[in-house]
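Below: the structure, in structure tokens.
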Amino acid sequence: MAHQQARRTGRVWLPAIAFTVFAVIVLARLVQVQILEHDRYAEEARSELYASDTVFARRGAILDRNGFLLAMSTDTWDLYVATRVWNDDATARSASEAIAKATGHDATYLRTLVQESGLVDVLVARDVPYDTGKALLDADVAGLVGLPNTVRVHPAGDLASSVVGIIGGENTGLTGIEAWYDDELLGTPGRVIFERDTTGSPIPYGETFTTEPVPGPDIILTIDRRMQVAAERALRQAIKEHQAISGSIVMMDPQTGEILALATQPRLSFSTLDLSDPEQVRLLRNSVVSDLYEPGSVMKVVTAAAAIDAGLVTPETTYEDTGIAFVYGVPIFNWNNGVYGEQTMEGVLQQSINTGAVFMMEKLGVAKFHEYLDAFGFGKPTYIDLSGEAAGLVRRPTDADWSPVDAAAQSFGQAISVTPIQMVSALAAAINGGRLIEPRLVKAMIAHDGTRYDLPTNVVGQPISAETSATMRQMLGSVVDPGWYHPGKPRYYTAGGKSGTANVPIDASYDDTQIVSFAGFAPVDNPRILILIKLDENADLATGTMAAGPVFAALVDEVLGYLGVQPDVEQVAAR
């Protein structure tokens with residue numbers, strides 16, 4: 001019997017083709033995953049399997065020049081809770097109550113925080129004291145995970161708080177030395193890499209790789225703790241006595257530019273700082289470097305130094321004071337409307353005569369006078385190691401609203417705005433041999449291995465000669481010891497200095513409020529200390545000589561005695 005041969009049909013090939021295409025796709029994908037993009041997928045797999053955490057380095061400490069601690073870090077714990085573990089109400093209640101008892105938090109708040117967060121791990125307590133956190137972790141509280149951290153403490157309390165500054169929540173500096181040297185203080189963070197399960201929790205006995213952090217170096221300030229205490233105490237007393245709204249005191253070694261004390265009032269308090277309060281936020285800036293003011297008659301020191309250095313006057317040069325000087329028809333009077341008759345340039349500083357300062361400026365000429373202002377560092381930052389420094393303002397002939405009267409006013413400290421640190425730096429150059437030195441607050445750094453690096457003195461200019469500087473020391477010595485009573489004269493040491501009393505400029509004019517100051521140095525022949533005292537808007541309207549002069553005198557006697565400087569024999573005998 002004949003059989004009919006089956007006809008070939010295309011249907012059988014369709015599954016075969018489809019299977020072949022599928023196999024090719026799978027093979028291509030395998031080639032892509034296993035060969036062509038192996039590294040990428042291997043890295044993705046590792047990222048799923050491994051997690052990592054940053055291990056912060058211990059932040060370097062901040063010490064005064066003698067090694068007394070002003071800021072340091074202590075070990076703490078940041079406590080996290082794995083949310084999946086607290087899915088059971090009984091477990092959550094027991095664990096939250098244990099954490100609350102140790103940390104002082106509310107247990108109900110902790111449970112709500114964890115349950116409503118939506119995160120795998122929830123931060124429930126930051127900077128828990130080390131022993132407290134360690135006890136909780138050793139007790140195996142359900143779901144609790146601890147990460148090491150540090151917190152900043154201040155063994156000296158609020159001493160020098162405006163210099164030291166504060167740090168933020170991520171252990172980074174926000175103000176002061178903490179901010180300026182943040183990169184150094186932070187050190188080098190470490191890292192821990194660990195195997196984790198599908199919930200993100202570490203696998204017990206899984207692989208762990210740790211890179212140890214390198215602690216930041218300790219920073220040694222130029223600040224002397226005892227001198228800082230003296231400055232802050234004197235400033236508080238002066239503000240209270242003269243009813244000022246604020247003030248500052250700066251003590252500098254004029255030979256090196258090292259700041260030995262820097263006090264401001266009001267100042268921030270580490271323990272009560274509230275950054276939600278705008279008034280307290282304003283305290284974060286350091287007024288010695290950020291706030292501008294017209295220095296008044298203290299600027300006559302710079303004017304006299306410039307005129308003497310240019311060879312245009314000597315201390316014995318005379319002129320006739322009539323109590324008024326006309327500059328392009330504009331009258332300029334002495335501060336007390338006094339008339340002093342024939343006066344030497346030394347007498348101009350002793351009597352603080354405005355017209356005498358104008359006389360010296362006119363001898364120089366505006367262009368030369370401004371060259372000296374530039375050389376002394378006015379109108380630009382000093383580059384002290386504090387953030388927020390203002391450059392100052394110097395009105396110049398190139399300004400649209402310039403008037404020739406401006407230069408005359410600048411000669412006695414008006415129409416020019418400076419910061420206290422600019423004024424101190426300029427005065428240091430006037431008495432230290434003529435060297436303009438960059439002021440600084442850090443003396444050295446000590447690495448974690450004990451290696452010490454001392455920061456060098458940085459001389460940035462020579463505005464006047466050493467001979468002129470010596471002349472200025474003697475002239476300023478005659479101001480403090482003029483042959484009659486002067487409130488700024490110390491009991492035990494020779495000293496030189498100059499006061500300033502300037503009204504506060506308001507809307508192109510001046511109101512009745514004033515800023516008073518006294519800047520002086522001691523001893524006269526070999527200055528060891530330069531001090532600027534500044535009081536803002538003193539309600540009793542005492543002059544710089546009467547309000548700030550006695551503060552200077554008392555500080556000189558206290559500070560030089562502390563530094564071991566021998567009292568002046570003639571000064572003591574005269575007393």
Side-chain angles (χ1 to χ4, degrees), residues 294-308 310 312-366 369 403-416 430 471-472 474-489 496-505 508-520 538 540-550:
E294 291 192 354
S297 293
V298 175
M299 183 60 71
K300 291 170 183 170
V301 176
V302 175
T303 304
I308 291 171
L312 300 171
V313 301
T314 70
E316 294 76 31
T317 297
T318 61
Y319 88 111
E320 186 70 25
D321 172 54
T322 62
I324 186 171
F326 288 94
V327 180
Y328 286 81
V330 177
I332 292 178
F333 300 93
N334 290 324
W335 69 274
N336 60 351
N337 293 317
V339 178
Y340 295 92
E342 186 178 73
Q343 284 290 329
T344 64
M345 297 302 99
E346 186 173 273
V348 167
L349 294 183
Q350 288 176 327
Q351 303 287 355
S352 198
I353 305 174
N354 291 348
T355 61
V358 175
F359 172 81
M360 288 186 279
M361 186 282 297
E362 289 179 334
K363 286 283 189 181
L364 283 161
V366 173
F369 177 54
S403 165
V405 181
D406 288 336
Q410 288 167 350
S411 71
F412 54 85
Q414 294 181 355
I416 181 172
T471 299
M472 291 306 303
Q474 298 308 313
M475 290 180 71
L476 293 171
S478 74
V479 172
V480 173
D481 192 6
W484 59 84
Y485 170 73
H486 191 287
K489 184 179 180 179
K498 185 72 188 75
S499 64
T501 305
N503 291 94
V504 177
S509 182
Y510 292 88
D511 67 7
D512 293 333
T513 58
Q514 62 184 26
I515 294 175
V516 298
S517 61
F518 191 93
N538 56 312
D540 66 354
L541 297 182
T543 65
T545 299
M546 299 306 297

- Item | Residue pair Met472 / Leu349, side-chain heavy-atom distance below 4.5 Å | yes

- Tell me, do Ser352 and Lys498 make a side-chain contact under 4.5 Å, heavy atoms counted? yes

- Note, Val327 side chain near Glu362 side chain (heavy atom, < 4.5 Å): yes

- Task: To the nearest 0.5 angstrom, please state how far the CZ atom of Phe359 sits from the CG atom of Leu364.
- Result: 10.5 Å

- Message: Ignoring hydrogens, what is the shortest heavy-atom contact between Gln350 and Val479? Give both atom names and the distance.
- Response: N-CG2, 3.9 Å

- Show your working on side-chain contact (heavy atoms from CB on, under 4.5 Å) between Ser411 and Asn354 and close with a plain yes or no. CA-CA 8 Å; Ser411 71; Asn354 291 348; over 6 Å; no

- Note on the structure: Minimal heavy-atom distance between Gln343 and Val348, with the atoms involved, is OE1-N, 4.4 Å

- Query: Checking side chain to side chain donor-acceptor pair (under 3.5 Å) for the pair Tyr328/Ser403: CA distance, chi angles, key distance, verdict?
  - Reply: CA-CA 9 Å; Tyr328 286 81; Ser403 165; over 6 Å; no

- Query: Taking the side chain from Ser499 and the backbone from Gly544, do they hold a donor-acceptor pair closer than 3.5 Å?
  - Reply: no

- Item | Distance, nearest 0.5 Å, that separates CD1 of Ile308 from OG1 of Thr314 | 7.5 Å

- Item | Minimum heavy-atom distance Ala502-Glu294, with the two atoms named | CB-O, 3.4 Å

- Met345 vs Tyr319 side-chain heavy atoms within contact, under 4.5 Å: yes

- Are His486 and Thr545 close enough that some pair of their side-chain heavy atoms sits under 4.5 Å apart? yes

- Output the distance between atom OG1 (Thr344) and atom CE (Met475), rounded to the nearest 0.5 Å. 7.0 Å

- Query: Rounded to the nearest 0.5 Å, what separation is found between the NZ atom of Lys300 and the CD atom of Gln351?
  - Reply: 10.5 Å

- side chain to side chain donor-acceptor pair (under 3.5 Å) filter on Asn538, not counting sequence neighbours, yields Gln514, Asp540

- Note on the structure: Heavy-atom closest pair (Gly323 atom, Thr355 atom, distance to 0.1 Å) is C-CG2, 4.2 Å

- Task: Compare every heavy atom of Met360 with every heavy atom of Ala304, then report the nearest pair and how far apart it is.
- Result: CA-SD, 3.7 Å

- Can you check whether Val339's main-chain N or O pairs, donor with acceptor, with Asn334's side chain at less than 3.5 Å? no

- Taking side chain as C-beta onward, heavy atoms only, is Thr543 less than 4.5 Å from Trp335? yes

- Side-chain contact, heavy-atom cut-off 4.5 Å: Pro295 with Ile416? yes

- Query: For the side chain of Glu346 and the backbone of Pro315, is there at least one donor-acceptor N/O pair under 3.5 Å apart?
  - Reply: no

- Item | Heavy-atom closest contact (Ser517 atom, Ala548 atom, distance) | C-CB, 3.9 Å

- Hey, are the side chains of Thr303 and Phe412 touching, using non-hydrogen atoms and a 4.5 Å cut-off? no

